[in-house]
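The structure presented is a predicted model; accordingly, all values stated were derived computationally and were not measured. In each ligand, atom 1 is the first atom listed, and ligand 1 is the first ligand listed.
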Amino acid sequence: MNDQLQRFLLDNTDIRGELVQLNKTYKDTLAAHRYPEAVGRLLGEFLAAAALLSATLKFDGIISLQARSDGEVPLIMAEATSEHKLRGIARGADLAASDEFKDLLSSGHMTITIEPKQGKRYQGIVSLEGDNLAQCLESYFRQSEQLSTRIWLSSSDEQVAGMMLQQLPATDSAKGEVRTADWEHATHLANTLTSDELLSLDFNQLLYRLYNQEQVRLFEPAELEFSCHCSRDRTLRALMTVGETDLLEIINEQGAVETNCEFCHQHYQFTGKDIKSLFEPPLH
Ligand SMILES: [Zn+2]
């Protein structure tokens, strides 16, 4: 199974879709950690959702989903870049025992951040009141955008998959009633898809299963992969919040400041010289 993001259009309607399947990316993301199974599957859904949402980016940048809760998973997040690199992590969830979304993320909220390479970042927040991640994302779209959006997500221990349908801005030719009927028809068919089908059918089989009576236009699929964009420089700058005095004290005691990236376990080591350069005032 491939790690791909596939865009399609239902011809003669204002509806577009995205399909995603993740296998290696999913395994690579989980590889560096030992999550309880349910947490791993939830993280998989976050990855798939980030990939689907990245398809809505109209510029180079990163989209991230970050959920905090009072439940068994205090923090979980996934990011996708416009270059189709994904990474994700769950924190503090090693003892999670439930399979239920509502237990894992009870009283939670999710922040969706869109960070363009150039320009201002956008942030939206949605409370995690739905029964699953897909429902929560749909509320986010209802709150923040005019475009109707439906999302389906499914994960097993091996594989994660997702589908998104979105109503495009109305064209002049489509009358309101036709537009509504098209949308209801497309989402009704999509609702008949089982979780197993979403996980196991390849994109062509899946689209045939749902829309063999419609004209489906396929675009070139994008390849997705796990990739961490941490760097030595960025890691050093993140240490600024610790403060110079505390950092120099660590160096006195341990010889160096050492950190591991949470996402990819890349090891970074900083000397007293690195720390001093970090806090040096700019030249002018
Ligand atoms: Zn990293």
Whether His229 has an N, O or S atom under 2.8 Å from the Zn ion (ligand 1): no
How many degrees, to 10°, between Cys228 SG and Cys261 SG as seen from the Zn ion (ligand 1)? 110°
Here's a test for you: under side chain to side chain contact (heavy atoms under 4.5 Å, CB included), which of Leu105, Ile125, Leu133 qualifies with Met110? Leu133
Take atom NE2 in His267; do more than 12 heavy atoms of anything else shown fall under 6.0 Å from it? yes
Check this for me: Tyr208, atom OH, are more than 12 non-hydrogen atoms of other residues, nucleotides or ligands nearer than 6.0 Å? no
The Zn ion (ligand 1) reached by Cys264 (N, O or S, under 2.8 Å): yes
In terms of heavy-atom contacts, does CD of Gln143 have more than 12 from other residues, nucleotides or ligands at under 6.0 Å? yes
